[in-house]
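Shown next, in structure tokens, is the structure this report addresses.
Every number for a ligand or one of its atoms is a count from 1 in the order of the listing.
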Amino acid sequence: MKKEINIGLLGFGTVASSLYHIFNERRKEINSLFPAPVNIKKIFTRGNSHPVPENVKGFLVKNIDEILEDKDIDIIIELIGGISPAKGFIIKAVNNGKSIITANKALLAEHGEEIFKQCLNKNVHIGFEAAVGGGIPILRAIKNGLAGDSIKSVYSIINGTSNFILSKMTNEGGKFEDVLKKAQEKGYAEADPSLDINGADSAHKLVVLGRLAFSTSLSIKDVIIEGIKDINPLDVNFSKELGYTIKLLGILKNEDSRIEIRVHPTLIPSSCLLSKVDGVFNAFFLNTKYAGPLSLTGYGAGGNPTASAVMGDLMEIAGKIINNDNHHDFIISENINKLKVKSKNEIISRYYLRFSAMDRPGVLAKIASILGDNSISISSMIQKGRKVEGSVPIVITTHEANEEDLFKSVKLCDNLDVVSAKTVVLRIEDRIN
Ligand code: HSE
């Protein structure tokens, strides 16, 4: 049995400094659970992290190889983020027989298969609970609690920044640009919020989550991705009037072994619990075959919540190393499915359409006729007021329609000389769980 477990910590930013603090605060309890002490032995930073406290300076190493090639280090906790140099550090650590804990969703979404394969080859463990949903133990719920069940769908809010902005627009009003600016001033959005608001951050998390939920390999290229920057207060208000709330959702569905994986602003019923998950909170609403509907909500980001998820992985992996348990999580197994992922054209959904049209006799009839000719059935229609910048908004919701038919007919409508701007198309999900 090992005499001690040593950790090499990569990075000392928000999450790593919280981890260091929690680890020391909980040290006594942690060590009482294991027959061998667990220590943070060395820390590597790239110099752009938080100021390192005096009592931590003694752990700092200048050269990453002082950690990656230290034979006494068993576990690397990677909290640097991004693809490079994190990927190189992780591969080298794995090749040197070290287990990995990471919060790096971009790296796992882009290179997860390669990293998992290498972990299997070298017989080391990997934990990545912190990569999806911050402090919410969603991966552990799927891989342990639901291991024997079958997940049919997941509706998730997995980007706190976007959820904060959309909640403000819904509850207090305001244009996207103004709300984003306020969020940045208050520190709720990054100076460069692109990955959050364009849906990429949610897509990375959804690829990692989908692999576990459906035991199938997924690629970032499989994901239909739309962000929130074009959400207009008009759409927020029309949605409310129709009984819906707009949320940036990450959606996973498995229908007869055909997968849907998409991130986009979505109208969901204002009466459902998911619509009430506001601000920086994240949420996962699952539909399972046997356990039925389940939901988890909590902080999806931040130092302490994310570090709590890292601690969970640390407890599991340290326990396995101490007990010489070489059993691998089935989540990184190569014997996973290769399920077919639906393309955009194969999606069936209800839609919200906002046309900007001239307020003249016969305009609505022309739009309705194009929709009807393309198998799009209208569910409801709103037209109010006269002339907003030379045109009026006409809002139509549809019954379930095929996405290819929908976009074909919207294109035809946009070519009409009575339609003055590109039509807004948003998807509607009526049944969350
Ligand atoms: N930037 C992410 C968010 C948190 O806004 O939710 C880190 O994954």
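Counting only residues at least two apart or in different chains, salt bridge (charged side-chain N to carboxylate O under 4.0 Å, His left out) contacts with residues 216-244 comprise Glu226-Arg427, Asp235-Arg354, Glu241-Lys384. Residue pairs that meet the side chain to side chain donor-acceptor pair (under 3.5 Å) test with at least one member in residues 206-217, sequence neighbours left out, are Glu113-Arg211.
Taking 4.5 Å as the limit, some side-chain heavy atom of Ile376 sits within range of a side-chain heavy atom of Asp405. Side chains of Asn232 and Phe176 form no contact here, defined as non-hydrogen atoms less than 4.5 Å apart.
Using a cut-off of 4.0 Å between Lys/Arg side-chain N and Asp/Glu carboxylate O, Asp70 and Lys98 are scored as not salt-bridged.
At a 4.0 Å heavy-atom cut-off, the residues surrounding ligand 1 are Lys105, Asn159, Gly160, Thr161, Asp196, Asp201, Lys205, Ala301, listed by chain and number.
Not counting sequence neighbours, the partners of Asn144 by the side chain to side chain contact (heavy atoms under 4.5 Å, CB included) test are Arg140.
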